[in-house]
Undergrad: 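My questions will all concern the structure given below.
First the proteins, then the strands, lettered A, B, ... as listed; each starts at 1.
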Number of protein chains: 2
Amino acid sequence: MEPINIKQLAEKLNLSTSTVSRAFRGNSDINPKTKERILAMAKELNYQPNHLASNLREKKSRTIAVIVPEIANNFFSRAINGIERIARENGYHILIYLTNDDFQKEIDFIMSLQSGRVDGIVMSVTGEANDHSYMHKIRKRSLPIVFFDRIYEDVDNSKITTNDYESSYQATKHLIEQGCKKVAYLVVNKLLSIGKKRMQGYVDALKDAGIPFQDELVIDCTNRMDENKTLLKDVFTKIKPDGVFASVERLALASYYVCHDLGIEIGADLKVISFSSLEIARLLNPALSTILQPSYLMGEEAAKLLFRRINSPENNDVNEAIELKSELIFRKSTLG
Amino acid sequence: MEPINIKQLAEKLNLSTSTVSRAFRGNSDINPKTKERILAMAKELNYQPNHLASNLREKKSRTIAVIVPEIANNFFSRAINGIERIARENGYHILIYLTNDDFQKEIDFIMSLQSGRVDGIVMSVTGEANDHSYMHKIRKRSLPIVFFDRIYEDVDNSKITTNDYESSYQATKHLIEQGCKKVAYLVVNKLLSIGKKRMQGYVDALKDAGIPFQDELVIDCTNRMDENKTLLKDVFTKIKPDGVFASVERLALASYYVCHDLGIEIGADLKVISFSSLEIARLLNPALSTILQPSYLMGEEAAKLLFRRINSPENNDVNEAIELKSELIFRKSTLG
DNA sequence: TTGTAAGCGTTATCAG
DNA sequence: CTGATAACGCTTACAA
């Protein structure tokens with residue numbers, strides 16, 4: 001049973017395709033009775049207007065792209081959830097692209113999306129350390145893009161971020177107040193905008209507490225769990241920090257694994273706090289203190305921003321930047 | 001800077017659109033030199049073939065849809081990850097649809113996808129308790145669909161599942177071997193195929209151990225954490241099971257919350273095992289025994305099955321069913 | 001090897 | 001209110 005097209009449907013009804021088309025569009029004039037007749041027959045024959053054709057004709061795809069580094073990640077999956085809700089509300093479809101932190105992939109995706117497949121892009125970037133001049137090129141085009149969480153600071157664009165500096169400052173301050181003298185900062189790439197901002201909060205909190213900054217306490221990790229474990233095992237046994245501020249969730253988890261293995265008691269021997277969207281932080285052993293980003297809300301806001309753009313292309317050069325607040329939740333891992 | 005089209009590009013080059021088109025397609029004959037010239041100019045002018053147009057022409061969308069109940073969920077986000085990898089490998093794009101366990105949404109999505117937007121669908125169903133005759137209607141069409149994990153048993157279709165019965169049997173048996181006399185089965189909807197299969201394993205394990213099945217030990221939960229907590233609080237204080245077999249992750253987590261609040265010691269007072277894709281089960285307090293489904297692999301296999309279909313529509317009526325194995329990992333929550 | 005022209009399924013414009 | 005027609009941007013026989 002192949003899908004039928006508008007022409008066949010029109011024939012069955014002894015009508016022109018234009019009239020049939022009108023029955024499916026809100027605006028145009030059409031006799032209510034004919035419309036009813038058309039819709040009834042359409043239902044019977046299971047007719048559905050072909051989207052490719054109408055999109056081509058209308059030069060709109062009613063689709064947006066979401067580009068993220070990964071999806072098996074509490075923060076991003078929740079953010080996508082928020083994006084999805086708003087997109088659906090607007091009658092839009094969502095294409096997913098995972099860069100796996102591969103900058104070249106990011107470029108390829110964005111480039112290939114310039115071909116009419118989508119009306120806009122929501123993305124969390126991956127190649128902050130690289131040359132992203134390609135972005136500047138793209139930005140001159142009409143395809144609207146909104147960044148969320150991980151952004152390119154040198155690209156003038158709409159964006160949704162959180163108060164990373166402030167929460168990092170507070171988190172570090174909290175560790176110090178809990179008696180930590182030697183706080184390590186765990187980061188995946190300290191050159192990335194997020195890494196930089198979070199690190200600045202850490203640095204300033206140390207300074208304000210009169211604790212000298214030590215370079216060896218900034219631990220540059222990777223995205224691979226096994227590598228991080230090896231690295232941290234070394235750090236925890238040799239440098240022996242008494243506090244850990246993890247800039248991303250996976251580094252806190254790596255710390256947990258290592259401490260479990262090494263018999264280091266988190267909360268007592270080593271206090272840990274981390275950016276994390278882990279719902280069940282409270283159930284960990286011990287309960288993990290977190291800086292909780294409003295991931296779902298960030299997704300929603302990013303999508304809303306994008307649709308504002310899509311729906312009013314006239315002021316496509318006015319960028320909006322929204323900063324949302326993270327929530328600090330202190331648990332046993334720092335209260336020990 | 002609006003994107004240019006093939007006609008404009010052809011004009012600049014003093015060529016016909018057909019020749020230009022040929023430069024972008026692998027097959028057709030074309031002078032290597034002209035091809036080079038075209039590609040160079042295309043790059044300079046930033047030309048990209050319009051996908052909507054070529055898809056319309058070719059009657060292919062190079063896009064698949066992934067329909068899942070939710071995305072902020074370890075199992076599904078990982079499965080999507082697997083699907084993504086295979087799809088990308090095949091040069092396909094991925095549209096995401098979240099039903100949020102709303103059966104009507106599922107129907108709407110599937111129906112709307114019949115209009116040429118995608119070449120195939122990978123889905124984990126949601127409305128198992130409902131009448132899914134709409135599916136039978138769809139199945140007569142050419143759009144290939146592959147189910148994974150949650151399936152409709154009465155719909156003849158390709159599918160990827162895991163050995164749910166067996167792992168449930170083993171999990172229950174394990175609890176009994178650990179000394180449990182009163183094992184509760186936690187389920188979201190015992191009428192759903194997954195709930196049924198997993199329950200059967202539970203029932204049979206009890207029987208084989210000579211323990212009489214008790215209806216009150218089958219706890220029908222919901223998808224809402226707060227409701228589940230209330231319900232389980234009641235169960236744990238009144239019925240007082242000494243073992244819990246949770247058919248989905250969120251029910252194990254609800255149990256943890258409740259036990260933490262009630263001061264019930266998991267592992268000692270109450271042993272817990274659960275289907276779960278939680279990477280950090282080991283880090284929970286106490287470490288959670290899990291039945292780990294190969295979520296990523298399931299996604300990959302489901303996608304592979306779909307592409308086999310898409311690429312050879314001739315045997316579109318031969319359904320493949322693949323069963324993968326879950327892994328049981330016993331930890332402190334059952335070893336106490 | 002390249003060009004011409006028809007057509008993919010819609011919808012907007014314009015005429016009736 | 002309805003119908004004819006052109007156009008959206010691309011691909012592919014077929015012709016040259």
Side-chain angles (χ1 to χ4, degrees), chain A residues 2-39 41-42 45-63 112-119 141-143, chain B residues 2-39 41-42 45-63 91 112-119 142-143:
Chain A
E2 285 300 304
I4 71 163
N5 63 25
I6 199 172
K7 218 168 144 186
Q8 295 167 288
L9 180 56
E11 240 163 51
K12 287 253 192 233
L13 288 155
N14 265 65
L15 286 171
S16 73
T17 59
S18 355
T19 309
V20 174
S21 174
R22 277 189 270 260
F24 289 93
R25 334 229 70 239
N27 42 345
S28 314
D29 288 340
I30 185 172
N31 186 322
K33 271 187 158 171
T34 6
K35 178 167 178 176
E36 216 173 295
R37 210 158 61 86
I38 295 172
L39 260 28
M41 181 66 87
L45 300 184
N46 233 302
Y47 166 75
Q48 299 249 70
N50 181 307
H51 280 113
L52 291 173
S54 56
N55 288 340
L56 173 60
R57 177 60 221 235
E58 295 179 336
K59 293 196 162 196
K60 276 199 115 194
S61 64
R62 292 218 151 265
T63 305
S112 83
L113 287 171
Q114 301 298 113
S115 58
R117 194 183 281 276
V118 299
D119 298 343
R141 300 184 156 226
S142 44
L143 195 64
Chain B
E2 284 301 303
I4 72 164
N5 63 26
I6 198 173
K7 217 168 145 189
Q8 296 167 289
L9 180 58
E11 241 164 49
K12 287 254 194 229
L13 289 155
N14 264 63
L15 288 169
S16 74
T17 60
S18 17
T19 311
V20 174
S21 173
R22 279 189 267 260
F24 289 93
R25 336 228 68 241
N27 41 344
S28 313
D29 286 340
I30 184 173
N31 186 322
K33 269 189 163 171
T34 10
K35 178 166 177 175
E36 215 173 297
R37 208 158 62 84
I38 294 172
L39 261 28
M41 181 66 88
L45 300 184
N46 232 300
Y47 166 74
Q48 299 249 69
N50 182 308
H51 279 114
L52 292 172
S54 55
N55 288 339
L56 173 59
R57 175 61 220 241
E58 294 180 332
K59 292 192 163 205
K60 278 198 114 196
S61 64
R62 294 219 151 264
T63 305
S112 84
L113 288 172
Q114 303 297 113
S115 57
R117 197 182 281 276
V118 299
D119 298 342
S142 44
L143 195 63

Undergrad: With DNA chain C as reference, determine whether B:Thr17 or B:Leu56 sits nearer its 5' end, using the nearest nucleotide of each.
TA: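 Result of the comparison: B:Thr17.
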
Undergrad: Determine: side-chain N/O of B:Ser54 to OP1/OP2 of D:dC10, distance under 4.0 Å, yes or no.
TA: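 B:Ser54 to D:dC10 OP1/OP2: no side-chain N or O under 4.0 Å.
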
Undergrad: If only atom types and distance count, is the side chain of B:Asp119 paired as donor or acceptor with the main-chain N or O of B:Ser61 below 3.5 Å?
TA: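 Yes: the side chain of B:Asp119 pairs with the backbone of B:Ser61.
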
Undergrad: CG/A:Asn50 to CD/B:Gln114 distance, rounded to the nearest 0.5 angstrom?
TA: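 Rounded to the nearest 0.5 Å, the CG-CD separation comes to 12.5 Å.
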
Undergrad: If only side-chain N and O atoms of A:Lys59 are considered, is one of them under 4.0 Å from the OP1 or OP2 phosphate oxygen of D:dG9?
TA: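 For D:dG9, OP1/OP2 do have a side-chain N/O of A:Lys59 under 4.0 Å.
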
Undergrad: If I take atom CZ in residue A:Phe24 and atom P in nucleotide C:dT11, what distance separates them, rounded to the nearest angstrom?
TA: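 Distance, rounded to whole Å: 9 Å.
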
Undergrad: How close or far is atom C1' of C:dC8 from atom CG of B:Asn55, stated in whole angstroms?
TA: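 These atoms are roughly 11 Å apart.
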
Undergrad: Whether A:Asn5 contacts C:dG9 is assessed here as follows: a side-chain N or O lying under 4.0 Å from the phosphate OP1 or OP2. Is that the case?
TA: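 For C:dG9, OP1 or OP2 has a side-chain N or O of A:Asn5 closer than 4.0 Å.
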
Undergrad: Just verifying a value: how many Å separate B:Arg57 CZ and A:Leu52 CG, rounded to the nearest 0.5 Å?
TA: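 If I round to the nearest 0.5 Å, the distance is 14.0 Å.
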
Undergrad: Start at the 5' end of DNA chain C and walk down; is the nucleotide closest to A:Glu58 or to B:Leu15 reached first?
TA: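 Upstream on the strand: B:Leu15.
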
Undergrad: Is any N or O donor-acceptor pair between the side chain of A:Arg57 and the base of D:dG9 shorter than 3.5 Å?
TA: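 A donor-acceptor contact between them is absent.
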
Undergrad: For A:Leu9 and C:dT10, give me the distance from atom CG to atom P, rounded to whole Å.
TA: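 Atom CG in A:Leu9 sits about 9 Å away from atom P in C:dT10.
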
Undergrad: Return the value, rounded to whole Å, for the distance between atom CG of A:Asn50 and atom C1' of D:dC8.
TA: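 For the pair A:Asn50 CG and D:dC8 C1', the rounded distance is 13 Å.
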
Undergrad: Measure the distance from CZ on A:Arg62 to C1' on C:dT10 and round it to the nearest whole Å.
TA: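 Answer to the nearest Å: 15 Å.
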
Undergrad: Below the 4.0 Å mark, does D:dC1 have OP1 or OP2 next to a side-chain nitrogen or oxygen of A:Asn31?
TA: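 The answer is no; no side-chain N or O of A:Asn31 sits under 4.0 Å from OP1 or OP2.
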
Undergrad: Tell me: CD1 of A:Ile6 to C1' of C:dC8, nearest whole Å?
TA: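 Result: 14 Å.
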
Undergrad: Does CD belonging to A:Glu36 count more than 12 external heavy atoms closer than 6.0 Å?
TA: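 Check fails, neighbour count at 12 or below.
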
Undergrad: Please give, in whole Å, the distance from C:dC8 P to B:Arg117 CZ?
TA: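 Value for this atom pair: 21 Å.
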
Undergrad: Below 4.0 angstrom from OP1 or OP2 of D:dC1, is there any side-chain N or O of A:Thr19?
TA: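 No, outside the criterion.
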
Undergrad: Base, sugar-phosphate or nothing for A:Leu52? Non-hydrogen atoms, less than 4.0 Å.
TA: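 Nothing, no heavy atom under 4.0 Å.
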
Undergrad: Can you tell me the distance, in whole Å, between the NE2 atom of B:His51 and the C1' atom of C:dG9?
TA: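 The answer, rounded to whole Å, is 19 Å.
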
Undergrad: Between C:dT10, C:dC14, D:dT12, which nucleotide gets closest to the side-chain atoms of B:Ser21?
TA: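 In terms of side-chain proximity for B:Ser21, the closest of C:dT10, C:dC14, D:dT12 is D:dT12.
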
Undergrad: Decide yes or no for B:Ile38 and B:Ile30: does some side-chain heavy atom of the first lie under 4.5 Å from some side-chain heavy atom of the second?
TA: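 Yes, side chains in contact.
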
Undergrad: Assign each of A:Ser18 and A:Pro32 to its nearest nucleotide of DNA chain D by heavy atoms, then name whichever residue's nucleotide is nearer the 5' end.
TA: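 It is A:Pro32, whose closest nucleotide lies nearer the 5' terminus.
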
Undergrad: Using only side-chain N and O atoms of A:Arg25, determine if any of them is under 4.0 Å from OP1 or OP2 of C:dA12.
TA: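 Result: yes.
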
